[in-house]
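When a residue number appears, it is its place in the shown sequence, counting from 1.
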Amino acid sequence: MHIKNKEALSRIFDNFEHLNDDYRELQAKGEAEDRAWNCLKEKGISVFEVETLINLAFLENERQGFIYGFRYSVELFIGGVQDEADQR
């Protein structure tokens with residue numbers, strides 16, 4: 001995907017919690033993180049050793065979802081996305 005203004009989108013992503021007054025961690029996110037970290041601990045894997053790699057993977061996954069979601073929402077806003085329900 002080619003994004004013309006990737007830097008601006010990155011600034012929004014990197015600061016979203018400061019741009020949204022209602023931003024808070026969702027319970028499901030915290031629970032999923034706890035399960036992941038506990039699983040590593042139970043298997044005797046040092047969280048410290050893999051934390052940076054796991055966090056980087058999670059961050060890039062979240063960034064990708066944000067980019068696609070942001071793009072889709074803009075297309076919805078300008079009327080550029082159609083699905084079967086829109087054609088009825």
Side-chain angles (χ1 to χ4, degrees):
M1 170 190 340
H2 176 69
I3 300 173
K4 291 180 183 178
N5 209 347
K6 189 174 183 178
E7 289 178 27
L9 193 55
S10 287
R11 283 195 307 271
I12 293 169
F13 175 79
D14 293 338
N15 295 291
F16 189 75
E17 68 275 13
H18 303 291
L19 299 172
N20 184 339
D21 292 336
D22 296 328
Y23 183 86
R24 62 180 173 29
E25 296 293 329
L26 299 177
Q27 182 177 351
K29 183 228 181 233
E31 291 170 356
E33 278 185 357
D34 290 344
R35 283 194 312 272
W37 297 131
N38 289 333
C39 180
L40 289 174
K41 289 176 187 175
E42 289 171 5
K43 295 182 182 297
I45 299 171
S46 169
V47 172
F48 180 76
E49 291 178 18
V50 296
E51 186 174 21
T52 300
L53 294 173
I54 290 172
N55 283 338
L56 180 60
F58 286 158
L59 176 66
E60 291 308 319
N61 186 16
E62 190 173 323
R63 183 184 309 273
Q64 174 180 293
F66 180 81
I67 289 170
Y68 278 102
F70 192 88
R71 180 178 176 211
Y72 189 76
S73 66
V74 169
E75 289 175 356
L76 284 173
F77 182 72
I78 62 173
V81 175
Q82 292 185 356
D83 63 18
E84 292 175 15
D86 293 335
Q87 295 175 6
R88 292 182 190 151

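For R11, there are no salt bridge (charged side-chain N to carboxylate O under 4.0 Å, His left out) partners, not counting sequence neighbours. Partners of I12 according to the side chain to side chain contact (heavy atoms under 4.5 Å, CB included) rule, which considers only residues two or more places apart in sequence or in another chain, are F16, L19, F66, F70. With sequence neighbours excluded, no residue forms a salt bridge (charged side-chain N to carboxylate O under 4.0 Å, His left out) with E51. With sequence neighbours excluded, no residue forms a salt bridge (charged side-chain N to carboxylate O under 4.0 Å, His left out) with E31.
The distance from the CD atom of E62 to the CG atom of N55 is 10.5 Å, given to the nearest 0.5 Å. The distance from atom CD of E25 to atom CD of E33, rounded to the nearest 0.5 Å, is 6.5 Å.
At a threshold of 4.5 Å between non-hydrogen side-chain atoms, the residues R63 and N61 do not count as touching.
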Atom pairs and distances, side-chain donor-acceptor, residues 34-48, under 3.5 Å, sequence neighbours left out:
residue : atom : partner : partner atom : Å
N38     : ND2  : D34     : O            : 3.1
S46     : OG   : F48     : N            : 3.4
S46     : OG   : E49     : N            : 3.3

